[in-house]
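Report on the following structure.
One-based numbering, in listed order, for ligands and for the atoms of each.
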Amino acid sequence: MQTKREEINRMVQDVKSLPALPGIVVKLRALAESDAASLQIIARLISSDQILSAKVLKLVNSPFYGFPGRVSTVSNALILLGVNVVKALVLSSSIFDLMEENVVGLWEHSLGAGVAANIITKRLALPDGEEISTAALLHDIGKVIIKIKLKEEAERIRLKVDGGEVSIREAEKEVLDVDHAEIGGWLGKTWCLPEKLIEPIACHHDPVRSVTYADRTAVVHLSDILIKASGFGYSGDDLVPRIQEAAWKKLNLSDHVLREIVDEIEDKLIEVKNFSLEIQSSHEGKV
Ligand SMILES: [Fe+2]
Ligand SMILES: [Fe+2]
């Protein structure tokens, strides 16, 4: 007999069972598997869909990548952010749509984590900041899958969280035998995202499990905790976990630098809120 865990794994592996993917995303996923994918082919593919390009450009110009000027074309976005980031944004676009409309608190929590990751990577002068911010933006994507594909279980998880001291992650493990972080990692595999994006998503609550990309995972872990502590957005529970010691050591931050990072995040949150409100109003206009 299939366990709950296996059942969910199989469901996430089945692209057709996931939120409606426009044809272009399916093509992009196919391209992702071949080495022949060049920047131009990808740029042309995305640019042929106006709604999708507008969406990608909106995210690229959002506060968490922190580009001073406007990025106005998909080709520029690919050059500035890299193929992995743009691909991840395109592949997640249907799920972002669902989040923006139905789980605004989680959407804002995700945007906030993206901003926090951007600030931390800049402060630590880590390379590939845009990829790390993208992993932070996607870190809780597994929660959306649970919410839309496992409605009855999601309700049981919510009741457990509302009823006591249990975190959403613990409740997920009790009900599903797997948590949203691991489900997010499975989704990344289904989409053929690179391991450097998948590992920080899959291990963001348990960074000690991250072997190859421990730095990136530590940043996403800290970003999630800092944004929860700030009270911005809502990730599904009110508990702020402790920073895992291994991640703290890995980042090697002093209390003073951490304070500065927290202040910088606080300053940026108004911009993030405005960005989120702008997106909300665009949905209202759509009807
Ligand atoms: Fe999480
Ligand atoms: Fe989170």
Could you list the donor-acceptor pairs under 3.5 angstrom formed by side chains in residues 49-57, with sequence neighbours left out?
{"from": "Asp49", "atom 1": "OD1", "to": "Ile51", "atom 2": "N", "distance (Å)": "3.1"}
{"from": "Asp49", "atom 1": "OD1", "to": "Leu52", "atom 2": "N", "distance (Å)": "3.0"}
{"from": "Ser53", "atom 1": "OG", "to": "Ile46", "atom 2": "O", "distance (Å)": "3.0"}
{"from": "Ser53", "atom 1": "OG", "to": "Asp49", "atom 2": "O", "distance (Å)": "2.6"}
{"from": "Lys55", "atom 1": "NZ", "to": "Asp97", "atom 2": "OD1", "distance (Å)": "3.0"}
{"from": "Lys55", "atom 1": "NZ", "to": "Glu100", "atom 2": "OE2", "distance (Å)": "3.3"}

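- Atoms CG and NZ, from Leu45 and Lys27 in turn, are 6.0 Å apart once rounded to the nearest 0.5 Å.
- With waters neither drawn nor counted, the protein N/O/S atoms under 2.8 Å from the Fe ion (ligand 2) amount to 4.
- Under the 4.0 Å criterion applied to side-chain N and carboxylate O atoms, Lys4 and Asp177 are not assigned as salt-bridge partners.
- In summary, the aromatic rings of His180 and His204 are positioned with their centroids under 6.0 Å apart.
- Residues passing the salt bridge (Lys or Arg N to Asp or Glu O under 4.0 Å) test with Asp128, sequence neighbours excluded: Arg216.
- Shown here are the side chain to side chain donor-acceptor pair (under 3.5 Å) partners of His221, two or more places apart in sequence or in another chain: there are none.
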